Amino acid sequence: MSRLPAPENPVAVPEVLSESDSKSSSIEVEQNRPANAKRRNRSKGISFVSSISKNEPVVTRKELWSYYMYYNGDNGVGPNGYSMTLFQSLATAAGFDPVRGPGSSCSDADASGQCVLPWGNGTKAVSSVVLVANGVCFAIMTLIFTTIGSAADYGTFGRWLLLVITCICWAAQFASMSLTSPDRWGVAMALYMIGFISYGATLVFYAAVFPRLARNTAHAKKLREQYEAGEIESEIYEREESLEKNRISNISTTHSNIGYIVTLCLNLSLLLPLANNPKVDNYVIVLTNAYWVLVGIWWFIFQQPRAGPPMPKGEHYLTIGWKQIWEALKQYKKLPYTFVYLFSFFLLADGLNTTGTLVSICQNDKFQFSFLQNTYLGLAQAITSTMATLGFWYIQKYWKIICGDQRRDDSHSAMGMIGIWTNAIGFHNVWEFWFYNVVFGLFQAPYYAFSQTMMAELTPPGFDNMFFGLFGLSNRASSMIGPNVIQAIIDNTGNNWMGFPFLFALCTSASVVIWFGVDVTRGRKDAVAWAEGIRKAQEAGGVESSEDDLGGHDAKVGVKGGIYS
């Protein structure tokens with residue numbers, strides 16, 4: 001990011017503050033003001049407090065590798081893949097063919113191809129039940145990210161939050177061992193939802209750690225020192241720091257894909273020799289989860305403390321998130337490209353995530369819920385993902401390309417849409433699912449790496465969890481819309497493929513907005529200037545800031561208990 005002067009290295013504490021003062025709450029500054037000033041500030045809402053500390057420790061090799069290894073295990077094979085397949089399989093086995101009536105089997109040779117479950121006072125297609133589960137998952141993720149997302153910027157809450165939700169996901173995956181008969185499809189649905197929600201939350205709060213790590217590597221700190229000493233120009237500093245962010249993002253994404261490959265290969269050691277064992281799918285989920293525990297636990301051991309400021313007096317972890325998001329949304333005029341990106345990514349993620357779910361439903365039906373076949377397809381995707389991430393990273397390093405563009409290939413939803421009118425193409429054939437997984441791997445992994453880096457570029461430094469909480473809201477929680485729309489379409493038409501036109505329109509519109517509406521270079525400068533304004537106000541001892549300092553929005557700020565704690 002460009003900085004004039006480098007704002008991620010805060011200016012020294014004003015001499016009027018003693019060491020004991022620096023540990024006090026920001027409310028103390030306000031208490032020393034005239035009564036009318038306090039009344040004015042109360043009406044202006046919650047303060048923005050930077051989570052950047054003055055002397056954050058340099059990232060160690062063990063810490064960085066443990067960060068990579070956590071993502072190596074958190075690759076989604078279990079909670080985002082096998083668990084859904086097992087849930088859909090049990091639900092299909094418990095359902096019946098609506099054409100032939102209750103008591104019939106959906107898997108009979110002469111079945112109509114439709115399958116429904118008792119639902120409320122009527123029935124619902126199994127595909128719709130899966131989509132409803134996904135929609136509810138994303139709605140709960142919305143609640144999590146909006147309620148406690150930005151609260152992770154305070155104290156050590158973010159560190160413990162990631163540990164707790166990780167343990168919840170681990171527990172749900174291990175509990176899948178109990179899913180051994182069709183009558184437990186309801187339990188399978190509940191465990192899938194718990195696992196998927198907690199998995200989605202781990203991705204968001206793991207990604208929120210990334211900007212802080214990137215600015216505290218030895219290379220990043222050396223760059224900042226050279227810039228402050230006038231040894232390098234701002235353009236060079238901006239480019240090199242952006243490349244450092246991309247380095248960490250690409251390596252972590254590569255590790256996720258390597259973990260994907262290793263996990264799937266390990267699973268073959270069970271799927272092949274135990275092919276006729278009725279519990280082999282359960283064993284596979286347990287093995288997949290055990291691998292994540294083994295490689296992921298080290299992050300919580302080697303992560304260095306980089307605590308944020310203390311929670312302001314009168315605020316609570318369950319309410320401050322809503323207040324800060326509301327205040328953050330008011331900054332759209334001074335952070336236009338950040339919010340255009342968040343809006344367009346909202347549409348893009350909704351279309352992408354729902355497309356992936358719908359293709360997975362079709363794939364599971366095509367291959368009769370075979371964990372073995374899904375493992376082979378997953379390996380094709382994982383290998384191409386790893387190759388693509390490393391390839392794009394090499395191109396970026398060689399030509400010194402910084403993050404400035406992001407587009408999504410929406411050909412998958414277009415391909416599915418064609419399947420409405422013909423069985424010759426459109427996810428009706430085995431080769432198409434192989435093609436989908438290879439193309440998905442070639443472009444999807446680099447897309448995720450660049451989307452994370454792009455958000456880091458557009459995030460005001462020091463406000464990582466607040467804006468990555470909004471990013472998580474756009475990425476994961478946005479998809480409570482798509483699944484509910486698609487399940488209604490499927491219920492009305494009885495055809496899974498009828499959902500693809502809506503998804504194609506969603507992805508296309510989002511791509512157009514990103515193409516024409518996001519200027520990363522200007523957005524980065526806006527984000528840095530906004531964060532600088534907040535920090536300048538904090539350094540002034542809590543004196544009310546000008547409109548320019550706060551990016552056009554009046555907000556109460558305090559220095560005590562802020563970035564110098």
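Given the structure is predicted, the values throughout are model-derived calculations rather than measurements.
- Between the side chain of R306 and the main chain of P57, a donor-acceptor pair closer than 3.5 Å is present.
- Closest heavy-atom contact between L503 and L358: CD1-CD2, 4.1 Å.
- Counting only N and O atoms by type, the side chains of N289 and Q173 include no donor and acceptor under 3.5 Å apart.
- A 4.5 Å side-chain heavy-atom check between R239 and I236 finds at least one atom pair inside the cut-off.
- Residues T355 and F504 form no side-chain contact, since every pair of their non-hydrogen atoms from C-beta on lies 4.5 Å or further apart.
- Classified by interplanar angle (parallel below 30°, tilted 30° to 60°, perpendicular above 60°), the ring pair F467/F339 is perpendicular.
- If you check the side chains of N364 and T85, you find a donor sitting under 3.5 Å from an acceptor.
- Note on ring orientation: taking the six-membered ring where Trp is involved, the planes of F440 and Y436 are tilted (angle from 30° to 60°).
- A donor-acceptor pair under 3.5 Å is absent between the side-chain atoms of R212 and the main chain of P461, judged by distance alone.
- Screening V136, T354, V132 against P483 for a side chain to side chain contact (heavy atoms under 4.5 Å, CB included) leaves a single residue, T354.
- Looking only at distances, a side-chain donor or acceptor of N257 sits under 3.5 Å from a matching main-chain atom of T253.
- Of the candidates N374, T288, N267, N267 is the only one forming a side chain to side chain donor-acceptor pair (under 3.5 Å) with Y82.
- For an aromatic pair to be called close, the ring centres must be under 6.0 Å apart, and F87 with F196 fails this.
- Side-chain contact between V130 and Q487 is absent, with no heavy-atom pair separated by less than 4.5 Å.
- The aromatic rings of W292 and W170 stand perpendicular to each other, their planes meeting at an angle above 60°, with 30° marking the opposite boundary.
- Looking only at side-chain heavy atoms (C-beta outward), L335 and P460 come within less than 4.5 Å of each other.
- A salt bridge is defined here as a Lys NZ or Arg NE, NH1 or NH2 lying under 4.0 Å from an Asp or Glu carboxylate O, and E244 with R215 fails to meet this definition.
- Counting only heavy atoms from C-beta outward, the side chains of L203 and Y199 approach each other to under 4.5 Å.
- Considering only heavy atoms from C-beta on, T166 comes within 4.5 Å of F300 through its side chain.
- With 3.5 Å as the limit, one finds no donor-acceptor pair spanning the side chains of N72 and Y260.
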(request) Verify side chain to side chain contact (heavy atoms under 4.5 Å, CB included) between D74 and Y70, making sure each step is shown before the conclusion. (result) CA-CA 6 Å; D74 192 13; Y70 178 91; 3.6 Å; yes
(request) Applying side chain to side chain contact (heavy atoms under 4.5 Å, CB included), run through L379 and C265 and close with a yes or a no. (result) CA-CA 8 Å; L379 278 170; C265 289; 3.9 Å; yes
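- The side-chain heavy atoms of I383 and M387, taken from C-beta on, include a pair separated by under 4.5 Å.
- Judged by distance alone, the side chain of T142 and the main-chain N or O of F138 form a donor-acceptor pair under 3.5 Å.
- Taking the six-membered ring where the residue is Trp, F471 and Y341 present parallel rings, their angle staying beneath 30° rather than reaching 60°.
- Taking the six-membered ring for Trp and the full ring otherwise, the centers of F210 and Y67 sit at least 6.0 Å from each other.
- In this structure, H255 has its ring center under 6.0 Å from that of W65.
- In F343, the CZ atom is not crowded: 12 or fewer heavy atoms of neighbouring residues, nucleotides or ligands sit closer than 6.0 Å.
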